[in-house]
Amino acid sequence: ELMFAALTYYDNVSTVNISNDFLMKNYHHGNLKEELTACAVKICESEGYANLSIRKLAKESNVSQTAPYRHFKTKESLYASVAMEGFKKLSLATNIDTSKKVTKKELVEKGVNYINFGLEHANTYDLMFGTAVGDFSNYPDLLDCANDTYENMRLSFSKLSNDPEEVIAYKCITLWSMLHGLVGILRKVAIVDQLDPEQTLGPISSATIIGGNLDFHLDKVLTGIIQS
């Protein structure tokens, strides 16, 4: 009876182990990296990338502590995957079909989308444009996503300008830097509004006016850049 009980226990343990291994293997083949990346994006969005670690990712994803290391050798490589997802979303929000006629109004709308993305996905935006991921060339897929976002903006801008390519590139960077700057300023405005809604000193009041009428402001700025 003792031997039978021992064999039964051994069989049950084996079955459990086999089942767990089978599930983990299926989970792995069922796009584990994509599942981990999606979880990492959520952590980054809610808590900031500084609070994202491979250990925390494993815990939140309900996998072993070693499982994420099969796909992310370092914290930076994990950050790179999250940043790449950010650039994909940014591209979707700002992409213009350059095979068709591009209008200034359309570019203005995409500029507003860019700013809204930076405001609504602040933590991911900080990771995308910060220094936590150093050289993008170490992560070719990330580099391609980031370059695609810029390239679409450059091609769109070229449809509105007869300038040489180097001038168009300069004007495109000027536009991008303006959008990027507005993201930071409007984020500050949101914080100040929460702490002191009556503040009217300094640039806050002007920035608040701009934030309330982005289309008009971007149209004026874009017209100035094109004509300069």
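Note that the numbering runs from 1 along the sequence shown for the chain.
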Between Leu92 and Tyr114, is there a shared hydrophobic cluster once you connect ILVMFWY residues whose side-chain heavy atoms come closer than 4.5 Å? no

With heavy-atom distances below 4.5 Å as the criterion, would you say the side chains of Asn152 and Ser91 are in contact? no

Which pairs would a plain distance check flag for residues 158-165, meaning a side-chain donor or acceptor within less than 3.5 Å of a matching protein atom at least two apart in sequence or in another chain?
from   : atom 1 : to     : atom 2 : distance (Å)
Ser158 : OG     : Leu155 : O      : 2.5
Lys159 : NZ     : Thr98  : O      : 3.2
Ser161 : OG     : Asp163 : N      : 3.2
Ser161 : OG     : Asp163 : OD2    : 2.6
Asp163 : OD2    : Lys171 : NZ     : 2.6
Glu165 : OE1    : Arg154 : NH1    : 2.5

Proximity of Tyr125 and Phe87 rings by center, below 6.0 Å: no

Which heavy atom of Ser81 sits nearest a heavy atom of Lys33, and at what distance? OG-CE, 4.2 Å

As an exercise, state the distance from CG of Leu143 to CG of Asn138, rounded to the nearest 0.5 Å. 9.5 Å

Nearest heavy-atom contact between Leu127 and Tyr79 is CD2-O, 3.6 Å

Of all heavy-atom pairs between Ala40 and Val82, which one has the smallest distance, and what is that distance? CB-CG2, 3.6 Å

Could you list all the salt bridge (charged side-chain N to carboxylate O under 4.0 Å, His left out) pairs where at least one residue sits in residues 47-60, not counting sequence neighbours? Glu47-Lys56

N/O donor-acceptor pair under 3.5 Å between Glu76 side chain and Gly134 backbone: yes

Only pairs under 3.5 Å count here: list side-chain donor-acceptor contacts from residues 221-228, not counting sequence neighbours, and write none if there are none.
from   : atom 1 : to     : atom 2 : distance (Å)
Thr223 : OG1    : Lys104 : NZ     : 2.7
Thr223 : OG1    : Asp219 : O      : 2.8
Ser228 : OG     : Ile225 : O      : 2.8

Point-to-point distance, once rounded to the nearest 0.5 Å, from NZ of Lys110 to CD1 of Ile96: 6.5 Å

Nearest heavy-atom contact between Ser61 and Leu36 is OG-CD2, 3.4 Å

Looking at every non-hydrogen atom in both residues, tell me the closest pair between Thr74 and Ser77 and how far apart they are. O-OG, 2.6 Å

Considering all heavy atoms, the nearest Ile115-Val183 contact: CA-CG2, 3.9 Å

